[in-house]
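As the structure lists them, so they are numbered: ligands from 1, and atoms in each ligand from 1. Residue numbers start at 1 and run along the sequence shown.
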Amino acid sequence: MDNQDRIKRLLNYKTLLNQLQNLGFVKVFSDNIADALGVSASLVRKDFAIFGIAGSQKGGYEIASIVGKINDILGKNKEQKVVLVGVGRLGTAFLQFGKGFHNEGIKVVAAFDINPEKVDETKEIPVLPMAKLSEFVQENEIKFAIVTVPEAAGRQTIELLMSENIRGILNFTSLKIKSTDKTIINNVDIEHELARLIYNVNQLYNED
Ligand code: NAD
């Protein structure tokens with residue numbers, strides 16, 4: 001079983017368990033989770049066992065303890081500091097969404113741009129000049145970056161981040177850059193995702 005599929009299921013489990021908690025539930029059975037998410041109960045139990053989440057046949061699982069464990073696995077119990085490079089239309093949208101990420105333990109702590117007019121160190125999430133990137137990343141032990149620069153600046157930006165020991169990069173430029181031994185690069189392509197969605201919907205409804 002692909003580990004990425006399992007991580008996606010963990011995120012689904014977590015969303016469901018948060019909803020159950022909000023409704024006042026304390027315990028849950030694998031059958032309940034399976035029914036709600038359209039997977040088999042044995043798969044839920046297998047996922048939980050693999051990640052060391054224990055429950056009992058009779059009593060089910062303590063929701064709070066599964067949520068805590070899933071957060072541990074996803075690294076959400078520890079604040080994950082992220083920097084963003086390229087404060088244009090897309091980058092600004094991310095910065096404005098900043099609070100939405102905080103709930104999940106992800107914090108965009110600073111942004112960087114080559115254009116001096118974009119620089120504003122007084123903002124809640126400061127926009128700093130590129131010349132300060134190296135020092136900031138080292139001092140704040142930053143491991144993650146979002147790249148929203150134009151395509152022409154993409155490779156150079158990603159190489160710079162890699163040279164600063166950034167371990168994970170979410171790349172929004174249209175360049176498809178491969179991960180290395182040291183840095184995982186996730187290339188995000190919304191057009192690609194839309195095309196995939198449209199294809200799947202058309203398959204489902206047998207339309208062109
Ligand atoms: P934009 O032109 O509005 O903003 C780009 C910003 O990057 C500007 O503020 C610019 O000053 C800055 N910049 C340029 N060169 C830089 C460098 N070397 N170092 C640091 N900053 C630099 O662009 P946008 O519309 O926000 O798009 C940003 C990127 O996202 C583009 O590559 C675009 O193709 C891509 N994009 C991707 C998707 C997707 O699905 N992945 C969707 C929309 C846009």
Side-chain angles (χ1 to χ4, degrees), residues 2-5 7-8 10-12 15 74-76 79-180 182-204 207-208:
D2 189 303
N3 206 32
Q4 290 304 315
D5 289 341
I7 298 290
K8 277 187 193 160
L10 278 189
L11 287 164
N12 290 338
T15 306
L74 299 172
K76 285 183 175 169
E79 189 174 79
Q80 305 291 330
K81 289 183 277 187
V82 180
V83 294
L84 179 139
V85 185
V87 188
R89 284 162 292 194
L90 196 54
T92 303
F94 275 122
L95 296 182
Q96 285 168 350
F97 188 68
K99 237 186 156 53
F101 290 135
H102 292 188
N103 292 335
E104 292 298 310
I106 301 168
K107 190 169 184 197
V108 181
V109 288
F112 296 85
D113 202 286
I114 204 169
N115 181 350
E117 286 176 16
K118 303 269 171 135
V119 171
D120 185 350
E121 306 200 14
T122 64
K123 282 192 171 157
E124 195 180 345
I125 301 174
V127 181
L128 309 175
M130 288 304 285
K132 289 200 174 168
L133 187 134
S134 177
E135 189 189 341
F136 187 93
V137 163
Q138 301 313 322
E139 274 186 3
N140 295 282
E141 300 181 335
I142 307 292
K143 298 285 170 249
F144 300 98
I146 301 172
V147 174
T148 47
V149 298
E151 179 179 336
R155 189 166 297 277
Q156 168 205 337
T157 303
I158 288 172
E159 281 171 3
L160 172 69
L161 291 166
M162 287 179 10
S163 74
E164 296 298 341
N165 293 322
I166 293 288
R167 292 193 187 146
I169 297 175
L170 200 54
N171 168 34
F172 279 89
T173 76
S174 50
L175 300 171
K176 300 285 166 268
I177 301 190
K178 287 200 180 118
S179 299
T180 66
K182 286 187 174 169
T183 312
I184 297 177
I185 302 174
N186 282 5
N187 302 300
V188 184
D189 189 333
I190 295 166
E191 193 182 325
H192 216 121
E193 291 297 317
L194 266 177
R196 212 158 56 92
L197 176 68
I198 291 165
Y199 174 82
N200 288 336
V201 168
N202 288 342
Q203 290 288 306
L204 185 66
E207 288 166 1
D208 294 330

[X] versus [Y]: any side-chain heavy-atom pair under 4.5 Å?
X	Y	answer
L133	L128	no
L175	N187	no
M162	I169	yes
V108	F97	no

Applying a 4.0 Å heavy-atom criterion (strictly less than), which segment of [X] is in contact with ligand 1: side chain, backbone, both, or neither?
X	value
P150	both
R89	both
D113	both

Would you mind checking which non-hydrogen protein atom is closest to [atom], with the distance to 0.1 Å?
atom	result
atom 28 (C) of ligand 1	T148 O, 3.3 Å
atom 18 (N) of ligand 1	A153 CB, 3.5 Å
atom 4 (O) of ligand 1	G88 CA, 3.0 Å
atom 21 (N) of ligand 1	I114 N, 3.3 Å
atom 40 (O) of ligand 1	I190 N, 2.6 Å
atom 41 (N) of ligand 1	V188 O, 2.6 Å
atom 36 (N) of ligand 1	F172 O, 3.5 Å

Inspect the surroundings of [atom1] in [X] and state if more than 12 heavy atoms from other residues, nucleotides or ligands are less than 6.0 Å away.
X	atom1	answer
K81	NZ	yes
I184	CD1	no
K178	NZ	no
E121	CD	yes
Q138	CD	yes

Which atoms from ligand 1 have a heavy atom of [X] less than 4.0 Å away?
X	value
N115	11 (O)
E151	32 (O)
D189	40 (O), 41 (N)
K118	9 (O)

Short question: side chain of N140, backbone of I142 - any donor-acceptor pair under 3.5 Å?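 No, N140 side chain to I142 backbone: no donor-acceptor pair under 3.5 Å.
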So, regarding [X] and ligand 1 (criterion: nitrogen or oxygen to nitrogen or oxygen, under 3.5 Å), is there a contact or not?
X	value
T173	no
G91	no
M130	no
V149	yes

Sequence neighbours excluded, which residues qualify as side-chain contact (heavy atoms from CB on, under 4.5 Å) partners of T92? V87, Q96
Report the C-alpha distance between E193 and R196 in whole Å, list the side-chain angles of each, state the deciding distance to 0.1 Å, and finish with yes or no for salt bridge (charged side-chain N to carboxylate O under 4.0 Å, His left out). CA-CA 5 Å; E193 291 297 317; R196 212 158 56 92; 3.0 Å; yes
For ligand 1, is S174 a contact, meaning one of its heavy atoms is under 4.0 Å away? no
Heavy-atom protein contact below 4.0 Å for atom 34 (O) of ligand 1: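 So atom 34 (O) of ligand 1 lacks protein heavy-atom neighbours under 4.0 Å.
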To atom 24 (P) of ligand 1, the nearest of T92, V85, L170, L90 on a heavy-atom basis is L90
Apply side-chain contact (heavy atoms from CB on, under 4.5 Å) to the pair M130 and V85, showing each step before the final yes or no. CA-CA 8 Å; M130 288 304 285; V85 185; 3.8 Å; yes
